[in-house]
Amino acid sequence: MIRIGAQVSVSGGFQQTIEEAHDMELRCLQIFSRSPVGGQSRGLPQPNQMAQWLAGAHIRPLFVHAPYFVNPAATDRAMHDRACQVLGEEMLRVKQLAGDFLVIHPGHRQAGAEENQARQAFAQTIVYLLSKPGRILIENTAGQGKEIGSDFEDLGIIFNIIGRSSRVGAMVDTAHAMAVGYPLKTTDDWHRLTDVLESTVGLARIRGIHLNDTVFPVGSRRDRHAALLTGDLGPGALKGILASAQQHQWPLILETPGKSARERANDIAILSDLI
Ligand SMILES: [Zn+2]
């Protein structure tokens, strides 16, 4: 069975988010535990409460996306410490939310820092986070500005620096992959990308797919998600992705436009029809 889920806003509270996902027959879910751009963090339900709600709705895994307002690849000492502090707290919030994974973007190279210094700084952040309970997924980025971790060779190097850990895996975002220049029109395109993934990140590290189309063309290095099959993502590639999701038991998370699961009804229908 392929588990289809989506990023859903928690603005109406965590319980309402899970109810809405359940109403839309989602089988997995991604949330932000707090505003991704900063501000005061939101209060959390009691421990065990989330696990009960999720079990009642048959939703697993729960991915929690890390906030963006800190830079985990910062080479400046104070900024690096701040990222470790905020993301360390987030690991504990994921635990209280009965989440399965914290999903992190590698961040960006600061002015004056070499690519490899930024990678090392990010790897140090991850090693620090492993002093907390929980599991981490590192997501490929669209390569905007000075973002690191956009091509999979770069991500592979980052995983090598961190070293093997069963608590660190990968999240693959299809819109970001297209932004960096990997076409996803045909099934063959997808197979070529899975070959790249196998030789860099390793398929065994992958724990989920962010399944998104892209507004801007392949290679644009701009990060704007589009509804499925309205951009450069082709039906052939989409079928290939579904076959791989089935084979490897990769949950699929839609981050297509819209804040609620209902606003993704058409994307969910496209996937259900293909399945
Ligand atoms: Zn994503």
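What you see is a predicted model; the values in this text were computed from it and never measured. In listed order, ligands and their atoms are each counted from 1.
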Review point. Are T125 and H80 linked by a side-chain donor-acceptor pair shorter than 3.5 Å?
Key: yes
Review point. Rounded to the nearest 0.5 Å, what separation is found between the OG1 atom of T17 and the CE atom of M50?
Key: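 So the gap between those two atoms works out to 8.0 Å.
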Revision key, fill the gap. Of all N, O or S atoms in D173, the one closest to the Zn ion (ligand 1) is OD2
Review point. With the Zn ion (ligand 1) as the point of reference, which N/O/S atom of E255 is the closest?
Key: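 Atom name of the closest N, O or S in E255: OE1.
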Practice item. Measure the acute angle between the ring planes of H210 and H65, then classify it against the limits of 30° and 60° as parallel, tilted or perpendicular. Key: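 It falls in the parallel class, under 30°.
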Exercise for review: Report the angle formed at the Zn ion (ligand 1) by atom ND1 of H210 and atom OE2 of E139, rounding to the nearest 10°.
Suggested key: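 If I round to 10°, I get 90°.
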Point to revise | Cationic N near anionic O, under 4.0 Å, R192 to D189 | key: yes
